[in-house]
Each structure stands twice: as C-alpha cells, then as structure tokens.
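Just so you know, ligand 1 is whichever comes first in the structure, and atom 1 is the first atom listed for that ligand.
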Amino acid sequence: MSGTLTFLGIESSCDDTAAAVVRLHGTTPEVLSSVVEGQTALHAAFGGVVPEIAARAHAERLDGCVEQALSLAGLDLSHLDGIAVTAGPGLIGGVLSGVMLAKGLAAATGLPMVGVNHLAGHGLTPRLTDGLAFPYLLLLVSGGHCQFLIVKSATEFQRLGGTIDDAPGEAFDKTAKLLGLPQPGGPVVEAEAALGDARRFQFPRPLLDRPGCDMSFSGLKTALLRTRDAVIAEKGGITLQDRRDMCAGFQLAVAEVLAEKTRRAVQIYLDLAPSSAVLAVAGGVAANQALRGRLEAVSAQLGLGFVAPPLRLCTDNAAMIAWAGIELFQAGQRDGFDLQARPRWPLDQNAPAMIGSGKRGAKA
Ligand code: KG4
Ligand code: ZN
C-alpha cells in the first residue's frame, strides 16, 4: 500500500447510481473520481421513486459507473486496496444490486470488502472534505432522515434527537408535487423560494413549544395543501407568484425550525463534549443555501465552528461511501460474502426507535 489506501465506493440505495474512487495519502484524502447517474427521468411520470424501476436501473448501470469511475481516476481494479459498498438502509432492491456487485468484484480480485451504512457515509463526509476531528455534532438532513448525532468515531454515533415523522427532504419533495413542480423537489422549491415573499403565507413551526431537539415536518405539507387549496378556492387557480410565495414560506418554516432545534442540540452537545465545538451538516437537504446560511449564523452566534460539505458531496454520491469504507477498514472492519443488504439500519443502535419502527426494527 506504500502509505496510501485506495478504495472504490459503490452507492445504490435510492435513486442515484454512483461509483467513486477515493485515495488516502497518509492522512490526506483525495477524491480521484466520483460518478453519479441520477434516475430522475425514469421516475418522473410516477411522482416519486418507484423501487422496482430503481433496482433494475441500478443493476443495469452499476457496471458502467464503476468502469467510468476507475477510468476517470486513471486506475484499474489492480490499483485498489478495497471495495466499499452501501449495505443499507435504503430500497432493498437497489442496495442488493450494489452489494452483489461488490461481492462479485471482491471474489474476482481477492480485495477486502467493507459494507457501509449510507447514513455513516453522509455523517463522515465532513472528515473527507474538511478533515474534521472526532467528536463533532452532526445534523444529518436528507430525503429519508433527519437527526442530530454526536459523531464519536467511524463506528460510534449518539443520537440526540430527530424527526418523529417526515424528513425535511420528503417535505420539500411533497411540496414540489403539490405545486406541480418536478422531482426531486428540494432544488426546484429552493429556486422558486428565492423569487418569493416568505412572509405572505403563514406556515406552522412544529414542536418548537417542546423542549429537546425532536422535530416534526408532516404538518407542514398539510399546511401547504390547505394554503394552496385556499388560494385556488379564492382565485380559481394559483399564479407563478403564488407558487413562489408558498415555496418561500415553506422553506422559511423548515429553516427556522431546523435552526432553533440546532440551537438546542448544540446546548445538549456542549454539555456532553464541551471541548469540541463544531457543527457539521450533511445529507441532500444540506445543499439548501438558505438553510446553510441559517445554520452558519446559529453556529457563529454560539461560538461553534461550522462545516458544510460542497453540494455535490451533500447529495447522494459514492465518494462518501468509499471514504467511510476507508475509515471502517482502518478501524478493522472486513466483511465476508455473508454481508447482508439491510432496508433498515439505525446509526445509533441504542437510541429508541423514532420513525418507521416495526417488526423489523427501527428505520432511523
Ligand atoms: O441525501 P440525499 O441525496 O438522499 C437521501 O439519502 O435521502 O437527499 C435527497 C433529498 C431529496 O428529498 C431532495 O429533494 C433534497 O435532498 N434536496 C434538497 C436540496 N437538494 C436536494 N432539499 C432542499 N434544498 C435543496 N437544495
Ligand atoms: Zn443520502
């Protein structure tokens, strides 16, 4: 290995087929390539991700993504030290496609294989991009998840609180759908919001009256539906400006709730880890500039450092999986051919289940 570790990463847990090569030189990581093939067009007619279509597309495209990632890095399989693959949580057909490919590559090459929790991939990204030291407070905010975690090591995450129902990304996606905008909703709602008046329509700020840093976002989409229907009832339809104003009001409500809950999470965190005052954000919704701005302001007010990865490493990608694989490999993890694809896989196994818990255990 001569002082370097080079890992291929494979990601296929939702609707992005991705492969990447990350190299660690001593203590400095470098993303040599990162290929992300989105599936937006495949799911557009259905208004959301269709798991069977996603799984088939992953199975068809993963090989090509891996070839492209290797070729862009100027490497072949013989230059790798290991293969990292998302083994959950996510849509099981897609996760299986990635895990089966990783097993095939590991069997053919004899390379070690490391199964990565997709959420750990997001959560460890601030170390890839900014070399952040453990521990740090993380707000993980994506299409399926929203939690405050203390990241203590590559394998230890302590959840301080999170959403009790929808994730913010889901709320952005539903807002887009209700307003006739395309998926994924986050970027388009953000673009519309930039042209709107956030104070024209009032949206609730759920759970702000409760202590702690648990959150709720499902009421926001109901509020948006009511607002939209009230405008339609009054004027017979919604104008472009109505839509922009609704997007702006909705986004402001999400950003204000997340900012206030972050304030509270920071207090809890500083009581537990006073010497390590850094807030990091990760996950697709962390690509939202309005949200980043607010979180940065909260951090500055409370005297915390603030780390937000570049946008392309906030949304789903395989560089974060390759990087988490390197971290886990260094911590001694090696997986065998019995590596399971897991639809549910909470990062903090000790925290009580919050959403989606059932016979199969906690989802988040
Ligand atoms: O992390 P991610 O790529 O996939 C999951 O693991 O969920 O997050 C996808 C989510 C989607 O719901 C998408 O609408 C949201 O992130 N998103 C955004 C923005 N970009 C992506 N939400 C708000 N503002 C954005 N700019
Ligand atoms: Zn994700």
S.K.: Run the numbers for me: atoms of ligand 1, each under 4.0 Å from some heavy atom of Gly143, listed by number.
M.R.: 5 (C), 7 (O), 8 (O), 9 (C), 10 (C), 12 (O)
S.K.: Atom 6 (O) of ligand 1: which protein heavy atom is closest, and how many Å away?
M.R.: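 Checked against all protein heavy atoms, atom 6 (O) of ligand 1 sits closest to His118 NE2, 3.2 Å.
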S.K.: If every non-hydrogen atom of Leu258 is compared with every non-hydrogen atom of Cys146, which pair is closest and at what distance?
M.R.: CD2-SG, 4.0 Å
S.K.: Counting heavy atoms only, which of Gly284, Ala255, Gly38 is nearest atom 19 (C) of ligand 1?
M.R.: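 Going through Gly284, Ala255, Gly38 one by one, Gly284 has the nearest heavy atom to atom 19 (C) of ligand 1.
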S.K.: For the backbone of Gly161 and the side chain of Lys261, can you confirm whether one donor and one acceptor N or O come within less than 3.5 Å of each other?
M.R.: no
S.K.: Verify the ring-centre separation between Phe148 and Tyr269: is it less than 6.0 angstrom?
M.R.: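 Ring centres of Phe148 and Tyr269 not closer than 6.0 Å.
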S.K.: Indicate yes or no for a side-chain donor-acceptor contact from Asp214 to the backbone of Gly162 under 3.5 Å, with no hydrogens or angles considered.
M.R.: yes
S.K.: Counting distance only, does the side-chain N/O of Asp15 pair as donor-acceptor with the main-chain N or O of Val49 below 3.5 Å?
M.R.: no
S.K.: Taking all non-hydrogen atoms of both residues into account, name the closest pair between His122 and Leu140 and its distance.
M.R.: CB-CD1, 3.5 Å
S.K.: Any idea which atoms of ligand 1 are less than 4.0 Å away from a heavy-atom of Gly144?
M.R.: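 Atoms satisfying the 4.0 Å criterion: 7 (O).
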S.K.: Answer with side chain, backbone, both or neither: which part of Asp316 has a heavy atom less than 4.0 angstrom from an atom of ligand 1?
M.R.: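 Contact part for Asp316 vs ligand 1: both backbone and side chain.
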S.K.: In terms of heavy-atom contacts, does NZ of Lys103 have more than 12 from other residues, nucleotides or ligands at under 6.0 Å?
M.R.: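 Atom NZ in Lys103 is packed in, count exceeds 12.
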S.K.: Return the residue, atom name and 0.1 Å-rounded distance of the protein heavy atom closest to atom 12 (O) of ligand 1.
M.R.: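 Of the protein heavy atoms, Asp173 OD2, 2.8 Å lies nearest.
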S.K.: Taking Asp81 as the fixed residue, which of Leu8, Thr6, Leu24 is the one that meets the side-chain contact (heavy atoms from CB on, under 4.5 Å) rule?
M.R.: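 Passing option: Thr6.
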S.K.: Return the name of the atom in Asp316, of element N, O or S, nearest to the Zn ion (ligand 2).
M.R.: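 The Zn ion (ligand 2) is closest to the Asp316 atom OD1, counting only N, O or S.
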S.K.: Using a 4.0 Å cutoff against the non-hydrogen atoms of Gly169, which atoms of ligand 1 qualify?
M.R.: 12 (O)
S.K.: Which protein non-hydrogen atom lies closest to atom 24 (N) of ligand 1, naming both residue and atom, and how far is it?
M.R.: Asn288 ND2, 3.0 Å
S.K.: Among all protein non-hydrogen atoms, which one is nearest to atom 26 (N) of ligand 1, and what is the separation to 0.1 Å?
M.R.: Glu190 OE1, 2.7 Å
S.K.: Check for a donor-acceptor pair, side chain of Asp335 on one end and backbone N or O of Val114 on the other, with a separation under 3.5 Å.
M.R.: no
S.K.: What protein heavy atom sits nearest atom 15 (C) of ligand 1, and how far away is it?
M.R.: Val285 CG2, 4.0 Å
S.K.: Which one holds for His145 and ligand 1: side chain close, backbone close, both close, or neither close, with close meaning a heavy atom under 4.0 Å?
M.R.: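 The answer is neither.
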S.K.: Near the Zn ion (ligand 2), is there an N/O/S atom from His145 that is less than 2.8 Å away?
M.R.: no
S.K.: Counting only heavy atoms, tell me which of Gly186, Ala167, Ala286 gets closest to atom 25 (C) of ligand 1.
M.R.: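 Answer by nearest heavy atom: Gly186.
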S.K.: Does Gln289 approach ligand 1 within less than 4.0 angstrom via side chain, backbone, both or neither, non-hydrogen atoms only?
M.R.: neither
S.K.: Looking at the Zn ion (ligand 2), is there an N, O or S atom belonging to His118 that lies under 2.8 Å away from it?
M.R.: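 Of the N, O and S atoms in His118, at least one lies under 2.8 Å from the Zn ion (ligand 2), which means yes.
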S.K.: Hey, is Gly185 one of the residues with a heavy atom under 4.0 angstrom from ligand 1?
M.R.: yes
S.K.: Can you list the atoms of ligand 1 that are under 4.0 Å from a heavy atom of His122?
M.R.: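 The atoms of ligand 1 under 4.0 Å from a heavy atom of His122 are 1 (O), 6 (O).
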S.K.: Can you tell me how the ring of Tyr136 sits relative to the ring of Phe134, calling it parallel under 30°, perpendicular over 60° and tilted otherwise?
M.R.: parallel
S.K.: Tell me the closest heavy-atom pair linking Arg334 and Pro112, and the distance in Å.
M.R.: CD-CB, 4.0 Å
